[in-house]
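Quick one: the structure is below, questions incoming.
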Amino acid sequence: MTKSVFLGALTVAGIAAGGAYAGTLDDVQARGKLNCGVTTGLVGFAAPDANGEWEGFDVGVCRAVAAAVLGDANAVEFVPTTGKTRFTALASGEIDMLARNTTWTFSRDVDLKFEFVGVNYYDGQGFMVPTELGVTSAKDLDGATVCIQTGTTTELNLADFFRANSISYEPVPIETNAEAQQQYLAGACDVYTTDASGLAATRATFEAPGDHVLLPEIISKEPLGPLVRHGDNEWGDVVRWTLNALITAEELGVTSANIAEMAAGSNNPEINRLLGTEGSLGEMLGLDAEWGKRALEAGGNYAELFERNIGENTPIALSRGLNAQWTDGGLLYSPPFR
């Protein structure tokens, strides 16, 4: 008797906790706009252009979700967040999702009660130094001053690396990438450390990028991806499968150039399910049949987003590396659409 009452209480508590944030999909649709948390500015990933329009790799994920849910890739309110404010903004409901070069970790997933819906960039922490220092390895940085964003995994990784190598450093705490760039270029720190992709993006904005070098060491695993709150599985599914749609479309050869043709009908059943001409996947998500098609029309598939914003032909010049499709030796892999 006592046991059943106890289990019943747990069930009620679980429903109450889950219900606290349930209904984000309904909220977004009623509002007519997606509130998407992004960085305060990291060129290539999320930054406003000269006209104040947000663009970038992470921005593309936000726009794809807005297109899938609202039918309008521009129906997004971009909310800049720092390493310190991003989680409060998500937990409080100020934003519906976070797409801000945020690392999936145990404590963020379990203790902070967030749901990472996948990985859109496999990264690792690196170091950037002025070429004139003549440093060729992070292990040569004993006694260095290091610019580091507070409230990030970067802080913890840095401490672990220097401790493991029995070397010391002096942290120079900063809150935004813009502040880090300013301090680093002003000589307030010898080193800037963050995700290697972020270092490449930052260096690309310098007047003389060649005067700065990225050291060879990658000292951590940083799986970066969008996240939502725990307890709202329906909304989590929408964001998760929108990201998967971008990844799967690349694998299947569906692009912004041929999507109209593909949507007219294909011999590949998975393409048909992805684009809504077969099956009822949209209905399962609480959306219409063409949600996936709209998500892809917003900015193209994963490869198109990557190459346009951060790829080798951009100033950031990132290679696909680990972010290549699994069929090309990378880690990019979506569950099947069926």
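Sequence positions, counted from 1, serve as the residue numbers for this chain. The analysis underlying the following values was restricted to heavy atoms, covering all of them including side chains, and did not include hydrogens, waters or symmetry mates.
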- Working for ring-ring contact (aromatic ring centres under 6.0 Å, His included), residues Tyr192 and His212: CA-CA 10 Å; Tyr192 180 28; His212 306 270; over 10 Å; no

- Task: Provide the full list of disulfide (SG to SG under 2.5 Å) pairs with a residue in residues 45-136, sequence neighbours left out, each pair given once.
- Result: Cys36-Cys62

- Message: Looking at Arg320 and Glu250, is any side-chain nitrogen of the basic one under 4.0 Å from a carboxylate oxygen of the acidic one?
- Response: yes

- Can you name the closest pair of heavy atoms from Arg100 and Thr39 and give their distance? CG-N, 3.2 Å

- Item | Expected output: side-chain Asp26 to main-chain Gly23 donor-acceptor under 3.5 Å | no

- Message: I need the minimum non-hydrogen distance between Leu90 and Arg229, along with the two atoms involved.
- Response: O-NH1, 2.6 Å

- Message: For Glu283, I'd like to know if atom CD has over 12 heavy atoms of other residues, nucleotides or ligands within 6.0 Å.
- Response: no

- Task: Check whether any side-chain heavy atom of Arg308 sits under 4.5 Å from a side-chain heavy atom of Leu305, and report yes or no.
- Result: yes

- Task: Using side-chain hydrogen bond (donor to acceptor under 3.5 Å, both in side chains) as the criterion, point out the one residue from Thr152, Thr193, Thr194, Asp195 that pairs with Gln125.
- Result: Thr193

- Message: Does any part of the side chain of Val228, heavy atoms only, come nearer than 4.5 Å to the side chain of Thr24, both counted from C-beta?
- Response: no

- Over all atoms of both residues, closest heavy-atom pair of Ile218 and Gly124: CG2-CA, 3.5 Å

- Message: Looking only at side-chain N and O atoms, does Ser220 offer a donor or acceptor that is under 3.5 Å from a partner on Glu222?
- Response: yes

- Neighbour count above 12 (heavy atom, 6.0 Å) for Asn313 CG: no

- Message: Would Trp104 and Lys221 count as a side chain to side chain contact (heavy atoms under 4.5 Å, CB included) here? Give the steps.
- Response: CA-CA 10 Å; Trp104 188 347; Lys221 292 184 295 185; over 6 Å; no

- Item | Shared hydrophobic cluster, Leu331 / Phe116 (ILVMFWY, side-chain heavy atoms < 4.5 Å) | yes

- Item | Residue pair Trp241 / Asn244, side-chain heavy-atom distance below 4.5 Å | yes

- Message: Less than 4.5 Å apart, side chain to side chain, heavy atoms only: is that true for Arg108 and Thr102?
- Response: yes

- Message: Contact between Leu141 and Tyr169 at the side-chain level, heavy atoms closer than 4.5 Å - yes or no?
- Response: no

- Message: Could you check whether Arg163 pairs with Asp160 (Lys NZ or Arg NE/NH1/NH2 to Asp/Glu carboxylate O, under 4.0 Å)?
- Response: no

- Task: Please report the shortest heavy-atom distance between Ser256 and Glu304, naming the atom on each side.
- Result: OG-OE2, 2.5 Å

- ILVMFWY cluster, Val129 and Val172 together (side-chain gap under 4.5 Å): no

- Nearest-0.5 Å distance, CD of residue Glu290 to CG of residue Leu275: 9.0 Å

- Query: Less than 4.5 Å apart, any side-chain heavy atom of Asn101 and any of Phe57?
  - Reply: no

- Report yes if the side chains of Phe306 and Leu246 come closer than 4.5 Å at any heavy-atom pair, otherwise no. no

- Task: For residues Leu224 and Thr103, report the shortest heavy-atom separation together with the two atoms involved.
- Result: CD2-OG1, 3.4 Å

- Query: Taking atom types as modelled, is there a side-chain donor on Thr131 or Asp211 under 3.5 Å from an acceptor on the other?
  - Reply: no

- Item | Check: Gly83 main-chain N/O paired with Arg86 side-chain donor or acceptor under 3.5 Å | yes

- Query: Is there a donor-acceptor contact under 3.5 Å from the side chain of Glu217 to the main chain of Ala138?
  - Reply: yes

- Item | Cluster overlap Met284 with Ile271, hydrophobic side-chain contacts below 4.5 Å | yes

- Query: Given the rule in the side chain to side chain contact (heavy atoms under 4.5 Å, CB included) test, do Leu318 and Tyr121 qualify, once you have shown the distances and angles that lead to the verdict?
  - Reply: CA-CA 11 Å; Leu318 292 172; Tyr121 193 93; 3.5 Å; yes

- Specify the closest pair of heavy atoms between Leu281 and Trp291, including all atoms of both residues, with the distance to one decimal. C-NE1, 4.2 Å

